[in-house]
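Being a predicted model, the structure only gives us computed values, none of them experimental.
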Amino acid sequence: TNTSYLATLFEVHMSIPNIAVIGTGYIGNEHIKAIAANARAQLHTLCTTPRSQTIAQELMATYGAQQITTDYNAVISNDNIDIVYLCTPNSQHVDQAIAALQAGKHTFVEKPLAVTVADCHKIVEAAKRSGKKVMVKESLEAVIDAVVEYRRSILHPSFSSNQETK
């Protein structure tokens, strides 16, 4: 019915994406702060190394993440997570980004996207195959807007704001 369609449309547009931040170093910490301060985002998971679990626990207590893990595969297999932020060493970006995209996650990669042009192409191709967004060092607002636009396009392609007008 039209009423249920409109309710679904409203729910998709109003839902707040759950974000997992991978990496709790300086850059990860900055993204965690930005996500926590944004009413349009929910800091869901912090993924860290065993060595940095104490730091992650402090960040969780300060910024309100729902959980901490050291298992990247658990993050990307979690259906409650919409967006994965990769704030990890550059050499890990290609494998982690491709895995996140293949798992159906929108993926934000702290710059650089990868360490070689060939690896950048691999990530772009994985994004194309998955139909998910991949972004490099954009603002949180741009990431959330991209996810909202993606959700709109799935629910009703004619409502897409990227559609050309004639």
Side-chain angles (χ1 to χ4, degrees), residues 12-49 52 55-56 59-60 63-155 157 160-162:
V12 167
H13 294 310
M14 299 308 292
S15 64
I16 296 173
N18 286 319
I19 300 175
V21 176
I22 316 305
T24 54
Y26 173 76
I27 293 297
N29 191 337
E30 293 302 308
H31 287 290
I32 289 164
K33 289 179 195 175
I35 293 163
N38 192 305
R40 295 177 62 205
Q42 174 63 47
L43 181 60
H44 188 281
T45 301
L46 303 179
C47 184
T48 191
T49 62
S52 297
I55 293 168
L59 291 168
M60 181 175 155
Y63 298 107
Q66 295 178 24
Q67 66 182 9
I68 298 170
T69 184
T70 59
D71 184 353
Y72 180 68
N73 289 320
V75 172
I76 63 174
S77 65
N78 185 332
D79 291 336
N80 293 317
I81 295 172
D82 303 299
I83 304 170
V84 171
Y85 266 57
L86 297 178
C87 303
T88 54
N90 302 343
S91 62
Q92 296 178 10
H93 290 178
V94 66
D95 292 337
Q96 289 176 336
I98 290 170
L101 292 162
Q102 288 174 339
K105 306 299 179 202
H106 298 288
T107 305
F108 170 96
V109 183
E110 177 58 42
K111 64 182 182 181
L113 179 60
V115 294
T116 68
V117 172
D119 283 346
C120 289
H121 287 295
K122 290 176 187 176
I123 294 171
V124 170
E125 288 305 313
K128 288 179 183 176
R129 283 191 306 275
S130 72
K132 297 297 179 181
K133 302 286 184 184
V134 64
M135 299 183 82
V136 181
K137 189 63 179 189
E138 291 289 338
S139 70
L140 177 60
E141 290 299 321
V143 173
I144 293 170
D145 288 344
V147 171
V148 168
E149 180 63 29
Y150 172 79
R151 289 177 175 172
R152 283 183 189 144
S153 71
I154 287 175
L155 186 60
S160 174
S161 64
N162 288 335

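Partners of Q42 by side chain to side chain contact (heavy atoms under 4.5 Å, CB included), not counting sequence neighbours, listed by chain and number: I16, N18, Q66. Take S77 and apply the side chain to side chain contact (heavy atoms under 4.5 Å, CB included) test, not counting sequence neighbours, and it matches no residue. By the side-chain hydrogen bond (donor to acceptor under 3.5 Å, both in side chains) test, T70 pairs with no residue at all, sequence neighbours left out. Annotation: side-chain hydrogen bond (donor to acceptor under 3.5 Å, both in side chains) contacts of T69 (sequence neighbours excluded): none. The side chain to side chain contact (heavy atoms under 4.5 Å, CB included) check on N78 picks up H44, Q67, N80, I81, with sequence neighbours excluded. Qualifying side chain to side chain contact (heavy atoms under 4.5 Å, CB included) partners for A97, counting only residues two or more places apart in sequence or in other chains: L86, T107, V109, I123.
Note: I27 CD1 to T88 OG1 = 11.5 Å, rounded to the nearest 0.5 Å. Atom NZ in K133 sits 8.0 Å away from atom NE2 in H106 (nearest 0.5 Å). Atom CG of residue N29 and atom SG of residue C87 lie 10.0 Å apart, to the nearest 0.5 angstrom. Taking CG of D71 as the reference point, atom OG1 of T45 lies at 11.0 Å (rounded to 0.5 Å). Here the CZ atom belonging to F108 is positioned 8.0 Å from the CD1 atom belonging to I35, to the nearest 0.5 angstrom. For the atom pair CG (D82) and NZ (K132), the distance works out to 8.0 Å, reported to the nearest 0.5 Å.
No donor-acceptor distance shorter than 3.5 angstrom exists from the side chain of S52 to the backbone of T48, with no hydrogens or angles considered. A donor-acceptor pair under 3.5 Å links the side-chain atoms of Y72 to the main chain of Q96, judged by distance alone.
Residue pairs meeting the salt bridge (charged side-chain N to carboxylate O under 4.0 Å, His left out) criterion with at least one member in residues 87-98, sequence neighbours excluded, do not occur. Identified under the salt bridge (charged side-chain N to carboxylate O under 4.0 Å, His left out) test for residues 17-35, with sequence neighbours left out: E30-K33. Within the structure, every pair that satisfies the salt bridge (charged side-chain N to carboxylate O under 4.0 Å, His left out) test and touches residues 113-129, not counting sequence neighbours, is listed here: D119-K122, E125-K128.
Summarising the geometry of L101 relative to A127, their closest heavy-atom pair is CD1-N, 3.7 Å, with the distance given to 0.1 Å. Between C47 and V75, the shortest heavy-atom contact is CB-CG2, 3.9 Å. Nearest heavy-atom pair, E110 versus H31, reported as atom, atom and distance to 0.1 Å: OE1-NE2, 2.7 Å. Heavy atoms only, all atoms of each residue included: T24 and A56 are closest at CG2-CB, 4.2 Å.
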